[in-house]
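As structure tokens, the structure follows; a few thoughts come after it.
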Amino acid sequence: MKLIDGKAVAAQIKLEIAKEVKQLIDKGQKRPHLAAILVGHDGGSETYVRNKVKSCEECGFESTLIRYEDNVTEKELLAKVTELNNNQDIDGFIVQLPLPKHISEQKVIEAIDYRKDVDGFHPINVGRMSIGLPCYISATPNGILELLKRYNIETEGKKCVVLGRSNIVGKPMASLMMQKQYPGNATVTVCHSRSKDLVKECQSADIIIAALGQPEFVTADMVKEGAVIIDVGTTRVPSTETKSGFRLKGDIKFDEVAPKCSYITPVPGGVGPMTIVSLMRNTLLAGKKEIYQ
Ligand code: GUN
């Protein structure tokens, strides 16, 4: 079994980005600038956004954090999105999800100029991704592709089971794993809460990408000998052993699954750091106007 070290790969990519940013600055070009909107005080979102801002510093990007309380109106938020769309200094921006119930996430996502949508959530970017056109690809699936690439993991003709059908991970992941290029060319099955044969599907999978958000859902009996296991789960569970009072649990029962597989991502330190670094890669592309003018 080989551990896929997302933390180390992410650190390496950040160095690569920082080097490229330095070259841009040396040529007299503008420093890429990412803005993030954070609504409320959800613990998970606070941590993600804090790490995004920190990663911007490490990459040499400028960053701006815009905060609102939970009671911000949809109108106010949409007005800020329009302002960021029109702000020439901002190359890309994100609105951290989830948003409070009284705000339509879809409306907010669609209000973002797709040319600044470094999360890759806008329907134009999703559509372009699904037909293989240049676009911003959402961060978690893109981070997973990068891990498969950097570990030279074969995907062509393999049976890939994606667990979960979210717009952010499951759906784009399935679409990318079937695209006609490496990493891709896989035979993809998507399983979700209503699937009847989920266990059987997993048992025959060469690659399992688990994004259900159900801690330790995938057990050893569900995994074929030699399978590649990618764990997207990051559920916070209470813990007396950490300072924060919680720890992250993946969707894979790691201790029993690890000995059976050829490659596996740990939680934490697997997919998580790659998600943030993928956002940094999209921000660099935005700064260089490489995808859209
Ligand atoms: N919430 C969970 N993951 C993400 C992400 O990748 N981007 C944003 N904006 N919100 C999220």
Side-chain angles (χ1 to χ4, degrees), residues 6 10 13 34-56 61 63-68 70 72 74 77-78 80-81 84-85 90-101 103-114 116-126 129 135-147 162 164-173 175-176 209-214 230-236 248-251 267-268 270-286:
I13 295 175
L34 175 73
I37 300 179
L38 174 60
V39 179
H41 298 274
D42 172 78
S45 294
E46 293 252 9
T47 306
Y48 288 134
V49 170
R50 200 181 326 118
N51 287 334
K52 287 170 186 178
V53 170
K54 183 168 160 261
S55 292
C56 279
F61 298 156
S63 69
T64 299
L65 174 58
I66 300 145
R67 297 198 65 141
Y68 289 102
D70 273 317
V72 64
E74 187 178 273
L77 197 57
L78 289 170
K80 180 52 82 172
V81 167
L84 294 176
N85 283 341
I90 306 275
D91 298 296
F93 66 99
I94 64 157
V95 181
Q96 186 67 26
L97 305 178
L99 291 171
K101 289 218 162 30
I103 298 174
S104 160
E105 287 186 354
Q106 201 51 39
K107 229 185 203 171
V108 171
I109 288 169
E110 288 187 49
I112 297 172
D113 185 330
Y114 68 94
K116 293 192 177 188
D117 168 40
V118 282
D119 256 333
F121 292 168
H122 191 284
I124 290 180
N125 281 311
V126 177
M129 179 209 62
C135 63
Y136 294 116
I137 296 175
S138 69
T140 302
N142 213 17
I144 293 169
L145 291 186
E146 193 61 29
L147 285 177
V162 177
R165 55 177 160 181
S166 69
N167 289 343
I168 294 183
V169 186
K171 277 183 207 152
M173 196 70 242
S175 170
L176 291 162
I209 301 173
L212 291 166
Q214 291 194 43
I230 307 291
D231 192 348
V232 185
T234 52
T235 309
R236 287 177 153 208
L248 293 182
K249 263 213 168 141
D251 287 356
V267 174
V271 173
M274 291 302 292
T275 295
I276 292 189
V277 106
S278 299
L279 176 67
M280 299 299 116
R281 287 165 72 209
N282 279 349
T283 303
L284 180 61
L285 291 172

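These numbers come from the heavy atoms of this one structure, side chains and all, not from hydrogens, waters or symmetry mates. Just so it is clear, the structure is predicted and the values come from calculations on it, not from any experiment. Order of appearance sets the numbers: ligands from 1, and atoms from 1 within every ligand.
- Here the protein heavy atom with the shortest distance to atom 10 (N) of ligand 1 is L97 N, 3.0 Å.
- Residue contacts with ligand 1 for E105 are absent, since no atom lies close enough (heavy atoms, distance under 4.0 Å).
- Annotation: side chain of L176 is in contact with side chain of M129 (closest heavy-atom distance under 4.5 Å).
- When all heavy atoms of N85 and A111 are compared, the closest pair comes out as ND2-O, 2.9 Å.
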Given side-chain contact (heavy atoms from CB on, under 4.5 Å), test K52 with L38 step by step and report yes or no. CA-CA 12 Å; K52 287 170 186 178; L38 174 60; over 6 Å; no
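- Side chains of I109 and L97 form a contact here, defined as non-hydrogen atoms less than 4.5 Å apart.
- With respect to atom 9 (N) of ligand 1, the closest heavy atom belonging to the protein is D119 OD2, 2.6 Å.
- Counting heavy atoms under 4.0 Å from ligand 1, residue T140 does not touch it at all.
- Side-chain contact between I66 and L84 is present, with heavy atoms from C-beta onward closer than 4.5 Å.
- Contacts with ligand 1 closer than 4.0 Å are made by no heavy atom of Y48, backbone or side chain.
- The ligand atoms of ligand 1 that sit less than 4.0 angstrom from a heavy atom of F121 are 5 (C), 6 (O), 7 (N), 8 (C), 9 (N).
- Here's the thing with V95: one of its N/O atoms is less than 3.5 angstrom from an N/O atom of ligand 1.
- Protein heavy atom closest to atom 11 (C) of ligand 1, with residue, atom name and distance, is Q96 NE2, 3.4 Å.
- Closest approach of D91 and K116 over heavy atoms only: O-CG, 3.6 Å.
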